[in-house]
Amino acid sequence: MPQTHEHYMAQAIELSREAYNRGDWPSAALVVQDDAIIGAGQNREVTRTDVTWHAETDAIRSAMARLDSNDLSCATLYVPMEPCPMCAYAIRMAGIRRVVIALRHATVKRTDLGEYTMERFGSLVHWQFDLVTGVMEEDYRSLRLEWMAQHKLPA
């Protein structure tokens with residue numbers, strides 16, 4: 001029986017909470033194909049002292065290793081926070097055509113990315129993809145705002 005977007009987003013939010021409890025930004029990602037999780041990742045920027053260790057790239061690497069392929073065109077990415085430009089390009093290069101997110105940068109008034117949105121980025125790099133937004137937004141928003149209050153960092 002096919003699972004819902006909420007099913008996978010709930011798992012991504014739980015993994016985000018694990019990252020938060022570890023001391024990293026509260027972000028995680030799941031790559032799902034044929035109703036199976038083929039890749040999972042968490043943000044580890046702080047604990048690995050690597051600004052490129054984002055949840056999305058971690059999940060993409062995991063999925064590609066599992067499939068022994070760099071083609072994820074049949075997969076969907078679930079990530080609670082709208083991917084940053086670096087991750088959006090990695091998602092594009094992996095061939096992922098559907099991204100499901102809970103929360104947008106604009107919703108938490110993140111200012112360090114200017115007027116960035118995934119749609120604007122997609123237009124800039126000629127990438128057509130399906131974007132589903134607002135899945136379990138309030139569940140993730142509270143975690144993200146708690147992180148922001150403690151760290152005084154951009155959303």
Side-chain angles (χ1 to χ4, degrees), residues 1-48 50 52-108 110 113 116-122 125 127-148 154-155:
M1 171 180 219
Q3 296 295 335
T4 64
H5 290 320
E6 289 78 9
H7 171 81
Y8 293 114
M9 188 60 73
Q11 291 181 61
I13 291 172
E14 185 56 36
L15 288 173
S16 296
R17 191 173 312 284
E18 284 180 20
Y20 172 77
N21 290 338
R22 186 179 56 242
D24 286 301
W25 288 63
S27 187
L30 297 175
V31 179
V32 176
Q33 184 173 302
D34 298 327
D35 215 30
I37 296 171
I38 60 169
Q42 294 177 314
N43 182 293
R44 295 179 188 274
E45 282 183 63
V46 176
T47 56
R48 297 293 175 104
D50 181 347
T52 67
W53 202 312
H54 289 202
E56 298 90 337
T57 54
D58 195 25
I60 288 168
R61 283 185 192 108
S62 173
M64 288 180 170
R66 180 172 180 178
L67 296 179
D68 193 26
S69 172
N70 63 0
D71 178 11
L72 300 177
S73 60
C74 295
T76 298
L77 179 76
Y78 289 85
V79 60
M81 190 75 218
E82 181 175 16
C84 73
M86 176 187 75
C87 291
Y89 200 73
I91 295 163
R92 178 189 184 272
M93 293 304 294
I96 295 172
R97 294 188 185 129
R98 176 179 286 155
V99 179
V100 180
I101 63 174
L103 186 63
R104 310 287 306 242
H105 295 293
T107 304
V108 291
R110 184 170 179 178
L113 293 176
Y116 167 82
T117 64
M118 282 199 68
E119 296 92 334
R120 286 184 179 162
F121 181 83
V125 298
W127 175 35
Q128 295 182 352
F129 63 99
D130 295 324
L131 182 64
V132 179
T133 63
V135 176
M136 299 185 68
E137 180 176 317
E138 286 306 311
D139 295 84
Y140 181 67
R141 185 175 182 270
S142 61
L143 178 63
R144 191 67 175 212
L145 291 176
E146 183 180 330
W147 168 262
M148 290 167 58

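As the structure is a computational prediction, the values presented were derived from the model and not from experiment. Quick note: residue numbers are just sequence positions, from 1.
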Exercise. Answer yes or no: is there a side-chain heavy-atom contact under 4.5 Å between Ile91 and Val79?
Key: no
Exercise. Take Ile60 and Met93 through the test side chain to side chain contact (heavy atoms under 4.5 Å, CB included) and record every step on the way to the result.
Key: CA-CA 10 Å; Ile60 288 168; Met93 293 304 294; over 6 Å; no
Quiz prompt | Inter-residue atom distance His7.NE2 - Leu30.CG, 0.5 Å rounding | solution = 9.0 Å
Practice problem: Would you please say whether a donor-acceptor pair under 3.5 Å links the side chains of Asp71 and Ser73? | Solution: yes
Quiz item: Counting distance only, does the side-chain N/O of Asp24 pair as donor-acceptor with the main-chain N or O of Val46 below 3.5 Å?
Solution: yes
Practice problem: Looking only at non-hydrogen atoms, find the nearest pair between Ala88 and Met118 and report the distance. | Solution: CB-CE, 4.4 Å
Quiz item: Just by modelled atom types, is the Ala12 backbone N or O under 3.5 Å from a matching donor or acceptor in the Ser16 side chain?
Solution: yes
Self-check item: Interatomic spacing from CD in Glu137 to OG in Ser142 - rounded to 0.5 Å
Solution: 11.0 Å
Quiz item: Can you find a pair of side-chain heavy atoms, one from Asn21 and one from Glu18, that are under 4.5 Å apart?
Solution: no
Practice problem: Answer yes or no: is there a donor N or O on one side and an acceptor on the other, between the side chain of Tyr89 and the main chain of Phe121, under 3.5 Å? | Solution: no
Exercise. With rounding to the nearest 0.5 Å, note down the distance linking CG in Leu103 to CG in Leu145.
Key: 7.5 Å
Quiz item: Does CG belonging to Asp34 count more than 12 external heavy atoms closer than 6.0 Å?
Solution: no
Quiz prompt | Test item: Gln42 side-chain N/O and Leu15 main-chain N/O as donor-acceptor pair under 3.5 Å | solution = yes
Quiz item: How many angstroms lie between atom CG of Asp139 and atom CD1 of Ile13, to the nearest 0.5 angstrom?
Solution: 5.0 Å
Quiz item: Quick one: CG on Leu143 to CD on Glu14, what's the gap to the nearest 0.5 Å?
Solution: 9.5 Å
Quiz item: Any idea which heavy atoms bring Val135 and Met9 closest together, and the distance?
Solution: O-CG, 3.5 Å
Quiz prompt | Minimum heavy-atom distance between Phe129 and Gly122, given as atom pair plus value | solution = CE2-CA, 4.0 Å
Quiz prompt | Side-chain donor or acceptor of Arg92 paired with backbone N/O of Val125 under 3.5 Å | solution = yes
Practice problem: Test side chain to side chain donor-acceptor pair (under 3.5 Å) on Gln11 and Tyr78 and set out the steps. | Solution: CA-CA 9 Å; Gln11 291 181 61; Tyr78 289 85; over 6 Å; no
Quiz item: Which heavy-atom pair separates Trp147 from Gly23 by the least distance, and what is that distance?
Solution: CH2-O, 3.6 Å
Exercise. Please lay out, stage by stage, how Arg104 and Glu119 fare under the test salt bridge (charged side-chain N to carboxylate O under 4.0 Å, His left out).
Key: CA-CA 11 Å; Arg104 310 287 306 242; Glu119 296 92 334; 2.5 Å; yes
Quiz prompt | Closest non-hydrogen atom pair, Pro26 against Tyr20 | solution = CB-CB, 3.7 Å
Quiz item: Less than 4.5 Å apart, any side-chain heavy atom of Leu72 and any of Ile38?
Solution: yes
Quiz item: Would the number of heavy atoms belonging to other residues, nucleotides or ligands and lying under 6.0 Å from CZ of Arg97 be above 12?
Solution: no
Quiz prompt | Heavy-atom pair of closest approach, residues Glu82 and Ile101 | solution = CB-CD1, 3.8 Å
